[in-house]
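Scroll down for the structure; my scribbles are underneath it.
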Amino acid sequence: GARANRPGASVVVDAVLCHTGGPMNAKAYQPKDMMLAFVKKLTAAMRAKGVERVLFQAGAFSPPPGEQLSGMTSCMATVLVPVFGIGPMVKDNTSVIEYLS
């Protein structure tokens with residue numbers, strides 16, 4: 001967390017929580033690698049300041065690193081991703097997970 005000893009003092013950060021996202025509409029999700037580009041810039045800035053931990057929250061249709069979605073989640077994703085038009089967002093979030101792992 002962030003710590004400061006007195007008002008106006010420098011803040012020390014030892015972790016970053018990233019809970020952000022773009023539009024869910026596939027046509028509006030531009031550029032296609034929006035989150036990946038953001039996270040690459042974020043992690044570069046973190047490294048420059050010695051911050052080593054980031055918590056990235058992605059949606060349920062992005063599998064954990066090195067894994068696949070479970071059976072039921074995979075079935076839901078097959079139907080709901082195209083219906084909601086979130087294919088580009090899911091692909092981008094999955095790319096971030098792979099980058100961070």
Side-chain angles (χ1 to χ4, degrees):
R3 298 180 301 277
N5 295 332
R6 62 191 187 299
S10 296
V11 176
V12 177
V13 176
D14 57 18
V16 172
L17 167 64
C18 181
H19 179 80
T20 182
M24 289 181 61
N25 180 316
K27 291 178 184 170
Y29 200 87
Q30 298 290 333
K32 298 294 183 197
D33 65 346
M34 178 187 69
M35 282 304 303
L36 182 58
F38 167 74
V39 168
K40 285 181 176 182
K41 288 180 181 181
L42 174 67
T43 54
M46 289 171 57
R47 279 190 213 101
K49 294 295 183 179
V51 180
E52 298 178 359
R53 296 184 299 164
V54 62
L55 173 62
F56 177 77
Q57 179 176 342
F61 297 136
S62 294
E67 297 182 25
Q68 295 182 353
L69 295 175
S70 68
M72 182 51 120
T73 305
S74 179
C75 289
M76 291 171 54
T78 300
V79 174
L80 296 178
V81 167
V83 168
F84 292 149
I86 58 174
M89 180 178 67
V90 171
K91 183 176 180 183
D92 195 17
N93 284 342
T94 302
S95 295
V96 171
I97 292 168
E98 291 170 1
Y99 173 76
L100 291 174
S101 61

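One-based numbering along the sequence shown. Computed from a prediction, not measured in an experiment: that's the story for all the values here. These values consider heavy atoms only, across backbone and side chains, with no hydrogens, waters or symmetry-generated copies.
- Applying the side-chain hydrogen bond (donor to acceptor under 3.5 Å, both in side chains) rule to Gln57 yields the partners His19; only residues at least two apart in sequence or on another chain are considered.
- Within the model, atoms CG of Leu69 and CZ of Phe61 stand 8.0 Å from one another, a figure rounded to the nearest 0.5 Å.
- For the residue pair Met46 and Glu52, the shortest heavy atom distance occurs at CE-C, 4.5 Å.
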Donor-acceptor contacts under 3.5 Å from residues 75-94 side chains, at least two apart:
unit_1: Thr78; atom_1: OG1; unit_2: Ser74; atom_2: O; d: 2.9
unit_1: Asp92; atom_1: OD1; unit_2: Leu36; atom_2: N; d: 3.2
unit_1: Asp92; atom_1: OD2; unit_2: Tyr29; atom_2: OH; d: 2.7
unit_1: Asp92; atom_1: OD2; unit_2: Met34; atom_2: N; d: 3.2
unit_1: Asp92; atom_1: OD2; unit_2: Met35; atom_2: N; d: 2.6
unit_1: Thr94; atom_1: OG1; unit_2: Ser62; atom_2: OG; d: 3.2
unit_1: Thr94; atom_1: OG1; unit_2: Val90; atom_2: O; d: 2.8

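- Scored by the side-chain hydrogen bond (donor to acceptor under 3.5 Å, both in side chains) test, Ser70 finds Thr73 as partners (sequence neighbours excluded).
- Pairing each heavy atom of Pro63 with each of Ile97, the nearest pair is O-CD1, 3.7 Å.
- Applying the side chain to side chain donor-acceptor pair (under 3.5 Å) definition to pairs two or more places apart or across chains, those involving residues 36-49 are Thr43-Tyr99.
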